[in-house]
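Below is one structure, written out as structure tokens, with a few remarks after it.
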Amino acid sequence: MFHYSILIQFMKGDAPAMDQHMEVIGRAVDYYNAHSRMALNPKEIVSYRLKDSRTLEVVLNSKNELQEATASKALRLFSQYLAAETTPGNLSAFVTNKRLFKMQSSRRDETPAQTDSGTKTAEEMEFACLDNGEKLDRIYEMLCEILENQKRGKMQ
């Protein structure tokens, strides 16, 4: 299995924040997963989250390797669903030059999955979805918290 992180933003500059559309995005994920499991190269959106109010991060698993630079093309069905006039709460008003989103993809070495000790916790799954820089930031925060707790323990 191959794993990709895809950052998604509206193509239209004056589109509202992505966080206002999470309900229809959730339905699009379900639609995408239901339909792309039957493809010659099955794919699945295993997680999605807001990186900020205008950026959605999607983690995509693919049975076969995709070209990193074009992995976002695998989400065409996802975008089509969101832009379709028949989709309740569709995002067709934000299409510009026949494109709904601009996307940036990168290959991941890991994904939220099984470990030797069993299923990962939600916190471990979230950590696994972070890029290396975000992981380092999170580790630094945890170390600072540990040091602070140690200092408090010595003062008591």
Side-chain angles (χ1 to χ4, degrees), residues 1-115 119-142 144:
M1 193 66 69
F2 298 90
H3 319 288
Y4 302 88
S5 173
I6 303 169
L7 300 178
I8 301 172
Q9 294 181 328
F10 283 117
M11 188 71 172
K12 195 169 191 174
D14 61 349
M18 188 76 69
D19 58 358
Q20 296 178 21
H21 304 286
M22 293 307 289
E23 184 179 332
V24 70
I25 288 170
R27 290 195 315 267
V29 168
D30 293 340
Y31 179 87
Y32 178 88
N33 286 340
H35 287 80
S36 35
R37 286 186 186 123
M38 297 177 281
L40 290 175
N41 176 21
K43 292 174 253 351
E44 179 181 17
I45 296 174
V46 293
S47 69
Y48 63 99
R49 70 181 180 99
L50 289 171
K51 283 191 71 94
D52 58 53
S53 65
R54 298 203 173 273
T55 307
L56 179 72
E57 179 183 29
V58 168
V59 176
L60 178 73
N61 284 358
S62 174
K63 180 180 176 187
N64 300 324
E65 186 172 14
L66 305 172
Q67 290 183 346
E68 183 177 325
T70 59
S72 59
K73 288 185 179 182
L75 293 180
R76 183 171 184 254
L77 182 64
F78 174 78
S79 297
Q80 285 178 323
Y81 176 86
L82 289 168
E85 295 288 338
T86 55
T87 300
N90 72 70
L91 307 177
S92 62
F94 311 121
V95 172
T96 185
N97 297 326
K98 297 184 181 182
R99 291 182 62 199
L100 178 59
F101 297 125
K102 52 185 172 183
M103 301 185 191
Q104 179 184 359
S105 56
S106 60
R107 177 109 182 251
R108 299 180 69 98
D109 293 328
E110 56 190 56
T111 189
Q114 295 276 320
T115 62
T119 306
K120 289 186 176 186
T121 65
E123 188 174 64
E124 290 170 325
M125 289 174 62
E126 179 184 339
F127 187 81
C129 289
L130 299 175
D131 65 32
N132 288 340
E134 292 170 320
K135 285 179 182 176
L136 289 173
D137 289 344
R138 184 76 57 90
I139 291 168
Y140 178 76
E141 290 169 7
M142 292 164 66
C144 288

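Predicted, not measured: the structure shown is a model, and the values here were computed from it. These numbers come from the heavy atoms of this one structure, side chains and all, not from hydrogens, waters or symmetry mates.
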Reported [atom1]-to-[atom2] distance for the pair [X] and [Y], which is rounded to 0.5 angstrom:
X     : Y      : atom1 : atom2 : value
Leu66 : His3   : CG    : NE2   : 11.5 Å
Ile8  : Lys51  : CD1   : NZ    : 12.5 Å
Gln67 : Ser105 : CD    : OG    : 10.0 Å
Glu68 : Phe2   : CD    : CZ    : 12.5 Å
His35 : Lys43  : NE2   : NZ    : 14.0 Å

With sequence neighbours left out, what residues match Ser62 under side chain to side chain donor-acceptor pair (under 3.5 Å)?
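Ser62: side chain to side chain donor-acceptor pair (under 3.5 Å) contacts with Asn41.
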Could you list the residues that satisfy side chain to side chain donor-acceptor pair (under 3.5 Å) with Asp137, not counting sequence neighbours?
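Not a single residue meets the side chain to side chain donor-acceptor pair (under 3.5 Å) criterion with Asp137.
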Name all residues meeting the salt bridge (Lys or Arg N to Asp or Glu O under 4.0 Å) criterion together with [X]; count only those two or more places apart in sequence or in a different chain, and write none if there are none.
X     : result
Glu23 : Arg27
Arg54 : none
Glu65 : Arg107

Where at least one partner belongs to residues 7-18, residue pairs that pass salt bridge (Lys or Arg N to Asp or Glu O under 4.0 Å), sequence neighbours excluded
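Listed once each, the pairs would be none.
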Which pairs count as salt bridge (Lys or Arg N to Asp or Glu O under 4.0 Å) when at least one residue sits in residues 33-42, sequence neighbours excluded?
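Salt bridge (Lys or Arg N to Asp or Glu O under 4.0 Å) check on residues 33-42 returns Arg37-Glu44.
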Can you run down the ring-ring contact (aromatic ring centres under 6.0 Å, His included) pairs that involve residues 10-30, sequence neighbours left out, and say none if there aren't any?
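ring-ring contact (aromatic ring centres under 6.0 Å, His included) check on residues 10-30 returns Phe10-His21, Phe10-Phe94, Phe10-Phe101, His21-Phe94.
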Heavy-atom side-chain proximity of Leu60 to Tyr32 below 4.5 angstrom
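Yes; the side chains approach each other to less than 4.5 Å.
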Output all residues satisfying side chain to side chain contact (heavy atoms under 4.5 Å, CB included) with Met22, sequence neighbours left out; order by chain, then residue number.
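With sequence neighbours excluded, Met22 shows a side chain to side chain contact (heavy atoms under 4.5 Å, CB included) to Ile25, Tyr48, Leu50, Leu56, given in chain and number order.
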Using the side chain to side chain contact (heavy atoms under 4.5 Å, CB included) criterion, which residues pair with Gln20? Sequence neighbours excluded.
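Gln20 satisfies side chain to side chain contact (heavy atoms under 4.5 Å, CB included) with Pro16, Ala17 only.
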Enumerate, atom names and distances included, each donor-acceptor pair closer than 3.5 Å involving a side-chain atom of residues 72-87, sequence neighbours excluded.
from	atom 1	to	atom 2	distance (Å)
Glu85	OE2	Ser92	OG	3.2
Thr87	OG1	Tyr81	O	2.6

Of all heavy-atom pairs between Gln9 and Met18, which one has the smallest distance, and what is that distance?
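Taking every non-hydrogen atom into account, CA-CE, 3.9 Å.
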Name all pairs fulfilling the side-chain hydrogen bond (donor to acceptor under 3.5 Å, both in side chains) condition that reach into residues 93-104, sequence neighbours left out, sorted by first residue then second.
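Checked against side-chain hydrogen bond (donor to acceptor under 3.5 Å, both in side chains) - neighbours excluded - no pair reaches residues 93-104.
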